[in-house]
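Quick caveat: nothing in here was measured; it's all calculated off a predicted structure.
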Amino acid sequence: MNTKRMLYRHPTDKVVGGVCGGIAEYFGWDPVLVRVLWVVATFASWGGGLLAYILLAIFLPTGTNSVGQLRPPAIELSQKGVTWAAGILMGLGVLWLLANAGILPGLWGAFWTVVAVLFWPAVLIGAGYLLLRANSQRNIDQEVADAVRRVKESLNGAAPTSDEFKSGLNRVRAAMPLQRSRTNRMIAGVCGGMGEKFGIDANLIRLLWVAFTLGTMGFGLLIYAGFAVLMPEAQPHSKADDQIQEIQVVDGAK
């Protein structure tokens, strides 16, 4: 019997969409306490809890852990659609976080500052290079290529080669105790792999990861990207592993 617990919207214990009732049923908490905490968090986040509630009400199926799923989610997406939706939601969340923290206006101003500082000098440098290239008797492209080659040769002793870097990365990935899921995935399968490893609902891990990302001003995205690079993908499940081999014991005694 499958004892893996899942996060659902509760079919009966609900005030609006059953999200708080489902969370309470999952953790064994009082639904009233969950609703009160959600309202407090919504006011503390300037309405952010309302958006989170709407998204969960749309993408969570209806059911309980005692009877299983009763109804599918309001919106069922294909794997490609889930990937795009997850990327858009996370991107909007990062922009929202930067705007709330007052960082987004600074980034926008820094972008235009860089453009103002670099754009016209780069135009003049590029125009001068093209003029020199068109009217010089020397092979400017070959001289630039030789200069780049000399720089690379000077760095070969200090920097690891591509093969050495790949070999080290493969050793680190081979030592990782976690694997990215091949089936339960929205972006790279990191949360799905953790859910399969520890027997936890992957949707709950994703929810906690998004909350951690928002609470750390987007640092969770960097951690997720690191896990996506370091965690190897789970090997495909072979049907031969599920077959039970029959062994006949032959008595050799005469």
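Leu37 and Leu56 fall into different hydrophobic clusters, where Ile, Leu, Val, Met, Phe, Trp and Tyr are joined by side-chain heavy atoms under 4.5 Å apart, directly or via other members. Tracing side-chain contacts under 4.5 Å through hydrophobic residues (I, L, V, M, F, W, Y), one never reaches Val15 starting from Val36; they form parts of separate clusters. A single hydrophobic cluster is not seen to contain both Leu51 and Val40; linkage of ILVMFWY side chains at heavy-atom distances under 4.5 Å, directly or through other members, places them apart. Following chains of ILVMFWY side-chain contacts shorter than 4.5 Å, one cannot reach Leu33 starting from Tyr26, and the two form parts of different hydrophobic clusters. Both Ile223 and Ile200 are assigned to one and the same hydrophobic cluster, defined by single-linkage of ILVMFWY side chains at heavy-atom distances under 4.5 Å.
No donor-acceptor distance shorter than 3.5 angstrom exists from the side chain of Arg9 to the backbone of Gly18, with no hydrogens or angles considered.
For the pair Trp38/Val19, a side-chain contact is recorded, criterion being any heavy-atom separation below 4.5 Å from C-beta on.
Listed by first then second residue, pairs satisfying salt bridge (charged side-chain N to carboxylate O under 4.0 Å, His left out) with a partner in residues 30-47 read Asp13-Arg35, not counting sequence neighbours.
Interatomic distance, CD1 of Ile54 versus CD1 of Ile58, reported as 7.0 Å (0.5 Å rounding). Interatomic distance, CZ of Arg71 versus CG of Leu60, reported as 13.0 Å (0.5 Å rounding). Here Tyr8 contributes atom OH and Asn203 contributes atom CG; the two are 10.0 Å apart, rounded to the nearest 0.5 Å.
Taking both residues in full, the closest heavy atoms of Arg182 and Glu233 are given as NH1-OE1, 3.1 Å, listed atom of the first, atom of the second, then distance. Among all heavy-atom pairs drawn from Gly22 and His10, the shortest one is N-CB, 3.7 Å. When all heavy atoms of Gly192 and Ala202 are compared, the closest pair comes out as CA-CB, 3.9 Å.
Of the candidates Ile205, Leu208, Leu207, Ile205 is the only one forming a side chain to side chain contact (heavy atoms under 4.5 Å, CB included) with Cys191.
Applying the side-chain contact (heavy atoms from CB on, under 4.5 Å) test to Val34 and every residue at least two apart in sequence or in another chain returns Cys20, Ile23, Ala24, Trp29. By the side-chain contact (heavy atoms from CB on, under 4.5 Å) test, Leu178 pairs with Met194, Lys197, Phe198, Met231, sequence neighbours left out. With sequence neighbours left out, the ring pair (Phe, Tyr, Trp, His ring centres under 6.0 Å) criterion links Phe43 to no other residue. Partners of Arg180 according to the side chain to side chain donor-acceptor pair (under 3.5 Å) rule, which considers only residues two or more places apart in sequence or in another chain, do not exist here. Listed by chain and residue number, Trp209 satisfy the ring pair (Phe, Tyr, Trp, His ring centres under 6.0 Å) test with Tyr224 (two or more places apart in sequence, or in another chain).
Using modelled atom types, one finds no donor on one side chain facing an acceptor on the other under 3.5 Å when comparing Glu25 with Thr64.
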